[in-house]
Asker: 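This structure is in C-alpha cells; I'll ask about it shortly.
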Amino acid sequence: MEKAYQPKEVEDRLYESWEREGSFQGNPDPGKPAYSIVIPPPNVTGVLTMGHVLNNTIQDILARRARQKGHSTLWLPGTDHAGIATQTKVEQQLRKDGKNKHDLGREGFIEHAKEWRDKHGGIILKQLRKLGCSCDWERTVHTLDADYSEAVLEAFVRLFKNGYVYRGKRMVNWCPVSLTALSDEEVIMKPQNGKLFKIRYELTDAPGEYLYVSTTRPETIMGDVALAIHPEDERWPKLKGRKVRRPLQPAEIPILADSAVEKDFGTGMLKITPAHDPLDFEIGQRHDLPIIDVFHEDGTLNELAGPEFSGMDRFEARKATVEKLREQGDLIDEEDHANNVGFSERADVPVEPRLSEQWFLRYPRVEEAKRAVAEGFIRYFPERWKKTYLHWLENIQDWCISRQLWWGHRIPVWYRKGASRTDPENWHVSVAGPDDPENWEQDEDVLDTWASSWLWPIATMGWPHKSAMQEKGLDYFYPTSALVTGPDIIFFWVARMIMAGLEFKGEPVDPNSTLSDEEIKKRIPFRDVYFTGIIRDAKGRKMSKSLGNSPDPLDLIEKYGADGLRHGIMSIAPKGQDIRFSEERIEQGRNFCNKLWNVSRFRQMAEDDTRESSLADILGRIDQNQLNQDDHAILLRLVQTLDEVDRLYEEYEFNSALQAIYRFFWSDLCDWYVENSKARMKGGEDKTTCLAVQDLCLRQVLLLLHPVTPFITEELWKVLGFSGGQSIQWTVAETGEEFSIALRNAGISLDASALEEMLAIRELVTSMRSLKADRNLASNKKVEFVYLAEDEKSKVLEKHLSSILSSVGAAALSRVKEAPSGMPTLVTDFGSVYMDLASGIDVDAERTRLSKELEGLGKIISSIENKLSNASFTEKAPAQVVEGARRQLADNLAKQQETEEALNALKN
RNA sequence: GGACGGCUAGCUCAGUUGGUUAGAGCGACUGGUUUACACCCAGUAGGUCACAGGUUCGAAUCCUGUGCCGUCCACCA
C-alpha cells in the first residue's frame, strides 16, 4: 500500500467497475422495498458548481445507504432544456457569427440549437460521475426527449380540457431583452435608488389650477388615461366629474376615485396608466378606461408617445420627458427615492409590465397540495420551509405559462387559418394536432420550462403511457422517497411538482372533486424533501459565476479526491443552514481519508496473511478471556456510535453523523485504542483478539462511511478482506443493537463499567503528559512516576499500567506508602501522582502551578457550596442532580486537601 | 411593511427534552519522527454564549423586547 492515499487511480477504477457491474441500475424488484430519488435536473449546458456538489453528494449518500440496506434503489438522472437560458446562449453565439435566429427560421434555429446542445451539453453529467454519483445513467432523461415532450403536451391538453388553462390579454412581466413574458417567480425584486417626480396636471375647467401627482415613471405619462384619488380624500367631492389636461401628448382625461389609491403617499393622487402598471391596469378595468400602450416590445417608445420620444429607449425617454416637463413648467419637484424594481432573472434588466395575449394556468389541486404538506404526508427538512410553502399557496396567482421563445415545448394549440384567434371556436387543442393541418396554424409560443419540469417525477417514469409506466416502474418507485433541492426553487419546482403529481398520477378525476387523504398519499411525488443550504464564499457572498468566487469542483477533486471533497462539504453542511465554503475543510476531508488509509495500512502490517473476514469470522477470532478493559471500552463506544450515526442519517443530520464517526474513529480508535494496542501487537497472547477488535471497529467504520466516501471505503473493504467477494455497496452497517446481538451470539459480553474507567485513565494520562510538557520534557523522554492511592484505585491503575506507561512516555509508575517530598504533584481521581525529576524541581514554578490549581478548585467548591446551601435547590431539583452536586463537592474537597498538602510539602 | 434564519474561542461551527467546570476542527504557541499517518502525535493559551429584561432552585438553552447580518414574500405610484 502506498504511504499516502492516492484517490485518483482508485476512484477511476472503482467507478468504472461499479458501472460495468450495473450497481447503479434501478429496476423494480417486488421482493425488495423500493427507494427512489429523481435528480433536480440541471441545465443541460451547465457545469458543475459547488451547489451541485452539495446537492448531489446528499442524494448519493441517500441512494448508497438505501442500497446498503437492501432497497432496490433508483437514482434517476437527467437534464433540463432551460428555455430562456439556452436560447439566449445560442442566440449570442449566432450573433458572433453575424447572424440572428430569423436568418435560420424557426426549424433551422431549433436544429442549430439542438446541435449546439449536443455538443456543449451533458458535461455536467460526466462531472457527476467524477464525484462518484451512483445515478442509473441508462435512464438519463432530457426534458426535450420525445417521450418527455409528449408528456408535457398531454398535461397541457388535459389541463385545458379540465378548464385550468385559458388564454387572455393580461398584464404580464415582460422582459424587453429576451422579448418574452415571464412568470411572477422569474422576477427578482431589487432595491433601486431612483427619483420621485412631482408633476402638475391642469384642471381643464379652471385654467391655472393644478392637481399634483408623484411618479417614478414620467416616460409613461403619454399613456395616462385618468387621475385617481381615494374616495375618502376630502378633495374628492370637489373633483368629482372634472377633468385634467395630460401634460405630454396633451389630452383631456378624467379624475376618478378608487380605494386602491393610498391617501398618504406622495400627493395622494395617482396617475392611471393601464398599459404600464399592474395596479393601474386593475383600476382601469374597474372604471372601464381605455388603454394606451406607448412602448414597443423591446422597451423603446412607439409612435403613440409622440414624435419627440418615439424610438427612444425607456430610460432615455425618462430623461427626455423630465426635460420637456421642466421646460413646460409642469415639473414641480424631484427628489431621491428608493424603491423596488422587478428585474428579469435571466437578462438582469428591469421587467416591463406589459399587456399581452398569453396562456395562463389556474393551478390544479391547490387545496390538496396544502394538505399534503400541512398534514405531513410530505415531510420537509428543515420543517420551517413548510410555512414558506403554505404562504405561497395561500396567495397563489395564476401562472403565465407561454413564452415567446422557440426553444421549448411548442404549445399544442392550433388556430383556424384566417379566423379570429380570440374565439375558442377556432381553436384545436391536442397532442397530435389537427387532421387537416393545412387549414390550421400552430401557436408560435412555447411553454415555460417549469411547465415541463413540474412533471419530472412522473414523466421520467413513463407517464402517461401505461406500458411505459409499467416498464419504468412508476408504481413501484412512486412516490419517490426523497427530493433534495434548494429552497430557492420551492415555488418554481417543488410546489408545482406536488400539484402536478396530485393532478396527474393515477386515474383522472373530476376537476371539481377533492382528493381524499388516501388518494393524496398515493399521488404525492415524494415523501421527504430535504432543503440544502446555499453555498457561500468565505465572505458570505453567494457563489456565482459573475463574481468568480466559485471554485471549480473538478479542480478540488483533482487536488483532494472525490471522497475528500464529499467528506469536506458534508462536514460543513448543517441541515438547512447556509454554508460558508472553505477549502481548508475540503483539505480536512482529504486528511480524513488519508488517516483511514493509514490506519488500515497499519493493520495490514500486523499480519502478512490476507484473510477473508466476514463479521462472523472476525468475532470467531475473539477470545473473551483475552479482552481487556480497552477492548470492552472501544466496543462499547462502537455500539454507541453505530446507534448514533444511524439515527443521525435517518434525520438527514449528515454533518453530525460525520462528526460522530470522526470522534469514534480518530479519537477513540486511532489516538487511544490503536496506540495502546501497539504494545499488545508485539506478540502477546492477546494479539489475535486485539487485532480482531481492530477489525471490528474498522469494518463498522467503513460501513458507516461508505455513503459519504464510497471510493476509499470500497477499496479498503477489499484490501482488509472484509468483502467475502461482495461489494461494500450491498452491506449495511449493523445498528448498535444488531451488533450487540452479534457479539452475544459469539459468546462475547461487554463490561459496561469499562467505558467510564477508560475515560478516567485517559484523563490521568493527559494530566501526566501535561506535567511533563510543562517542564519541556520531550514526550519520548522516559520519566519515573510514583503515586499514592487507596487500594481500590491502585488496583484499577495497575490493571492499565502498561498502557499508561507507554501513552505517557514513563519509565515507571510505582506505588508508594508515603508522599515523597520535592516532586511535582498531580492530584487526580486516582490519588496523588508524583513525577520524579532527577534534575530537581523549580520550586517557584511548582508553587505557582499548585496555587493556580487551588484557586480553580476554590471557585468550583464555593459555587457548589452555594448551590447546596440554597434550600430551594435541594428541595426542588431532582434527587439525582442534588446527589451529583454532593459527590462533586466531596471529590473537589478531597482534591483541594491533597493539593494543599502538596503545596505545603513544597514549602519545607 | 410582513415572515423566516443567524449572532457561542482569532476563524468555521457543535451544544439533544433547562442540570456537574460550555465542546470540536482550523489557526496561534510549545514540544515531538517511539512498530500507520507531518495529510501526523502530545501539550498550552483562548469564551460576560449579540444586548436588555423576565420565568426558574438553576438559562447558551424557555419567554418578551432591542440591535446587527442574511434570505424570502408584499401593487405605495
Side-chain angles (χ1 to χ4, degrees), chain A residues 1 3-5 189 196 213-217 228 260-262 264-267 269-273 277-282 337 339-340 353 382 384-385 387-388 391-392 395 487-488 490-491 534 536 538 540 542 560 564 571-572 574 576-580 582 584-585 587-588 590-606 655-656 659 662-663 667 670-671 674-675 678-679 681-682 766 769-774 776-781 806-809 856-857 859-860 863-864 867 870-878 880-882 884-885 887-889 891-892:
Chain A
M1 291 175 85
K3 190 172 174 186
Y5 174 55
M189 299 307 287
L196 188 60
V213 171
S214 293
T215 182
T216 53
R217 303 205 62 193
V261 180
E262 292 286 332
D264 302 326
F265 184 85
T267 60
M269 186 74 67
L270 181 62
K271 74 184 196 65
I272 306 301
T273 322
D277 182 275
L279 178 64
D280 292 6
F281 177 73
E282 249 177 62
H337 182 67
N339 65 340
N340 284 318
R384 65 188 146 86
W385 294 113
K387 204 168 170 178
T388 307
H391 182 255
W392 185 72
N395 299 288
D488 50 329
I490 194 164
F491 312 136
I534 293 164
R536 300 175 173 283
K542 229 170 163 170
Y560 303 108
S571 73
I572 48 174
Q577 218 58 37
D578 283 1
I579 294 141
R580 223 30 105 81
S582 86
E584 280 167 15
R585 299 302 289 261
E587 203 179 316
Q588 285 170 46
R590 189 261 325 251
N591 295 354
F592 184 88
C593 293
N594 190 240
K595 186 78 174 174
L596 192 59
W597 179 260
N598 269 290
V599 77
S600 302
R601 200 158 70 91
F602 179 65
R603 174 65 188 85
Q604 282 307 89
M605 288 169 172
N655 69 322
S656 303
Q659 211 185 324
Y662 184 99
R663 245 198 332 270
S667 168
C670 294
D671 289 348
V674 170
E675 283 308 315
K678 282 178 177 171
M681 286 165 67
K682 278 179 183 152
T766 302
R769 282 169 172 168
S770 170
L771 201 60
K772 277 177 71 181
D774 274 354
N776 282 333
L777 296 169
S779 45
N780 59 350
K781 162 103 178 155
S806 65
S807 304
V808 173
L857 284 168
K859 271 185 198 161
I860 293 165
S863 121
I864 306 170
K867 202 192 279 188
N870 184 343
S872 40
F873 171 70
T874 45
E875 277 160 30
K876 290 184 187 172
Q880 207 186 326
V881 173
V882 177
R887 210 176 34 232
Q888 199 195 338
L889 180 62
D891 289 353
N892 282 297

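The chains referred to below are lettered A, B, ... by the order of the sequence lines, with proteins before strands, and numbering in each begins at 1. The structure presented is a predicted model; accordingly, all values stated were derived computationally and were not measured.
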Asker: In this structure, how many angstroms lie between the P atom of B/rC11 and the CD atom of A/Glu587, rounded?
Answerer: 20 Å
Asker: Please measure how far the C1' atom in B/rA22 lies from the corresponding atom in B/rA14, and state the result in whole Å.
Answerer: 11 Å
Asker: Could you measure between the two P atoms, the one in B/rC68 and the one in B/rC51, and give it in whole Å?
Answerer: 16 Å
Asker: Which part of the nucleic acid does A/Gln659 contact within heavy-atom distance under 4.0 Å: base, sugar-phosphate only, or nothing?
Answerer: sugar-phosphate
Asker: Distance check, C1' atoms only: B/rC39 and B/rA50, in whole angstrom units.
Answerer: 37 Å
Asker: Which of the following nucleotides, B/rC26, B/rU71, B/rC37, is nearest to the side chain of A/Glu584?
Answerer: B/rC26
Asker: Atom NZ of A/Lys595 and atom P of B/rC40: how far apart are they, to the nearest Å?
Answerer: 7 Å
Asker: Looking at the side chain of A/Arg580, which of B/rC26, B/rC72, B/rC13 is the nearest nucleotide?
Answerer: B/rC13
Asker: When we call it a touch if two heavy atoms are under 4.0 Å apart, what does A/Arg590 touch: a base, just sugar-phosphate, or nothing?
Answerer: base
Asker: Across the strands shown, which category fits A/Thr766 at heavy-atom distances under 4.0 angstrom: base, sugar-phosphate, nothing?
Answerer: sugar-phosphate
Asker: To the nearest Å, give me how far apart CG (A/Asn591) and P (B/rC26) are.
Answerer: 8 Å
Asker: Students often get this wrong, so: under 4.0 angstrom with heavy atoms, is A/Cys670 touching a base, only sugar-phosphate, or nothing?
Answerer: base
Asker: Considering only the P atoms, how many Å lie between B/rA42 and B/rC26, rounded to the nearest integer?
Answerer: 11 Å
Asker: Base, sugar-phosphate, or nothing for A/Asp671, non-hydrogen atoms under 4.0 angstrom?
Answerer: sugar-phosphate
Asker: If you take atom types as modelled and just measure distance, does the side chain of A/Lys678 reach the base of B/rA36 with a donor-acceptor pair under 3.5 Å?
Answerer: yes
Asker: Which nucleotide, B/rA36, B/rC72, B/rU21, lies nearest any side-chain atom of A/Val674?
Answerer: B/rA36
Asker: With a 4.0 Å cut-off on heavy atoms, is A/Val261 in touch with a base, just the backbone sugar-phosphate, or nothing at all?
Answerer: base
Asker: When we call it a touch if two heavy atoms are under 4.0 Å apart, what does A/Arg585 touch: a base, just sugar-phosphate, or nothing?
Answerer: base
Asker: Across the strands shown, which category fits A/Pro878 at heavy-atom distances under 4.0 angstrom: base, sugar-phosphate, nothing?
Answerer: base
Asker: For B/rC49, give the paired nucleotide (Watson-Crick: N1-N3 plus N6-O4 or O6-N4; G-U: N1-O2 and O6-N3; both under 3.5 Å), or none.
Answerer: none
Asker: To the nearest 0.5 Å, what is the distance between CD1 on A/Ile534 and CZ on A/Arg580?
Answerer: 12.5 Å
Asker: Taking any strand in view, what nucleotide pairs with B/rU56 in a Watson-Crick or G-U wobble way, both distances under 3.5 Å?
Answerer: none
Asker: Is there a side-chain polar atom (N or O) of A/Ser770 under 4.0 Å from OP1 or OP2 of B/rU44?
Answerer: yes
Asker: Does the structure place the NZ or CZ of A/Lys595 under 6.0 Å from the centre of the six-membered ring of A/Tyr5, at an angle of no more than 45° from the ring's axis?
Answerer: no
Asker: Would you say A/Arg769 reaches B/rG43's phosphate, i.e. side-chain N/O to OP1/OP2 under 4.0 Å?
Answerer: yes
Asker: What's the gap between B/rA24 and B/rC63 when it is taken at their P atoms, as a whole Å value?
Answerer: 28 Å
Asker: C1' atom, B/rG43 versus B/rU48: distance in rounded Å?
Answerer: 28 Å
Asker: Any idea which of B/rU21, B/rC73, B/rA77 is nearest the A/Ile864 side chain?
Answerer: B/rU21
Asker: Which of the following nucleotides, B/rU71, B/rA38, B/rG43, is nearest to the side chain of A/Arg536?
Answerer: B/rU71
Asker: Mind checking the C1' distance from B/rG70 to B/rG53? Whole angstroms is fine.
Answerer: 26 Å
Asker: What integer distance in Å separates A/Gln604:CD from B/rU35:P?
Answerer: 20 Å
Asker: Just call it for A/Phe491: base, sugar-phosphate, or nothing, with non-hydrogen atoms closer than 4.0 Å on any strand.
Answerer: sugar-phosphate
Asker: Classify the side chain of A/Glu675 and the base of B/rA42 as holding, or not holding, a donor-acceptor pair under 3.5 Å.
Answerer: no
Asker: Regarding A/Lys271, tell me which of base, sugar-phosphate or nothing describes its non-hydrogen contacts under 4.0 Å with the strands shown.
Answerer: nothing
Asker: Without decimals, in angstroms, what is the distance between A/Asn340 CG and B/rA77 C1'?
Answerer: 13 Å
Asker: Who is the Watson-Crick or G-U wobble partner of B/rU61, with both distances under 3.5 Å?
Answerer: none
Asker: Assess the side chains of A/Thr273 and A/Lys271: does a donor N or O sit below 3.5 Å from an acceptor N or O?
Answerer: yes
Asker: Remember a base hit wins even if backbone is also touched, and classify A/Ser571 as base, sugar-phosphate or nothing at under 4.0 Å, heavy atoms.
Answerer: nothing
Asker: Which part of the nucleic acid, if any, lies within reach of A/Ser214 when heavy atoms closer than 4.0 Å are counted: base, sugar-phosphate only, or nothing?
Answerer: base
Asker: If the cut-off is 4.0 Å, is A/Ser863 near the phosphate of B/rU21, judged by side-chain N/O to OP1 or OP2?
Answerer: yes
Asker: How close or far is atom P of B/rU35 from atom CE of A/Met681, stated in whole angstroms?
Answerer: 13 Å
Asker: Go ahead and name the base partner of B/rA3; Watson-Crick or wobble counts if both distances stay under 3.5 Å, otherwise write none.
Answerer: B/rU71
Asker: For a quick check of understanding: with a heavy-atom distance under 4.0 Å over all strands, which category does A/Ala885 fall into, base, sugar-phosphate or nothing?
Answerer: nothing
Asker: How long is the line joining CZ of A/Phe592 and P of B/rG25, in whole Å?
Answerer: 13 Å
Asker: Using whole Å, what does the distance between atom C1' of nucleotide B/rG1 and atom CG of A/Asp264 come to?
Answerer: 14 Å
Asker: Taking any heavy-atom pair under 4.0 Å as a contact, classify A/Lys387: base, sugar-phosphate, or nothing.
Answerer: sugar-phosphate
Asker: For the side chain of A/Phe873, counting heavy atoms from C-beta on, which of B/rG19, B/rC26, B/rA42 is nearest?
Answerer: B/rG19
Asker: Using Watson-Crick or G-U wobble geometry with both distances under 3.5 Å, which nucleotide pairs with B/rU35?
Answerer: none
Asker: Please check the phosphate of B/rA74 (OP1 and OP2 only) for any side-chain N or O of A/His391 closer than 4.0 Å.
Answerer: no
Asker: Looking at A/Arg590, is its backbone amide N or carbonyl O close enough to the side chain of A/Asn594 to form a donor-acceptor pair, meaning the two atoms are under 3.5 Å apart?
Answerer: no
Asker: Just wondering, more than 12 heavy atoms not from A/His337 lying within 6.0 Å of its NE2?
Answerer: yes
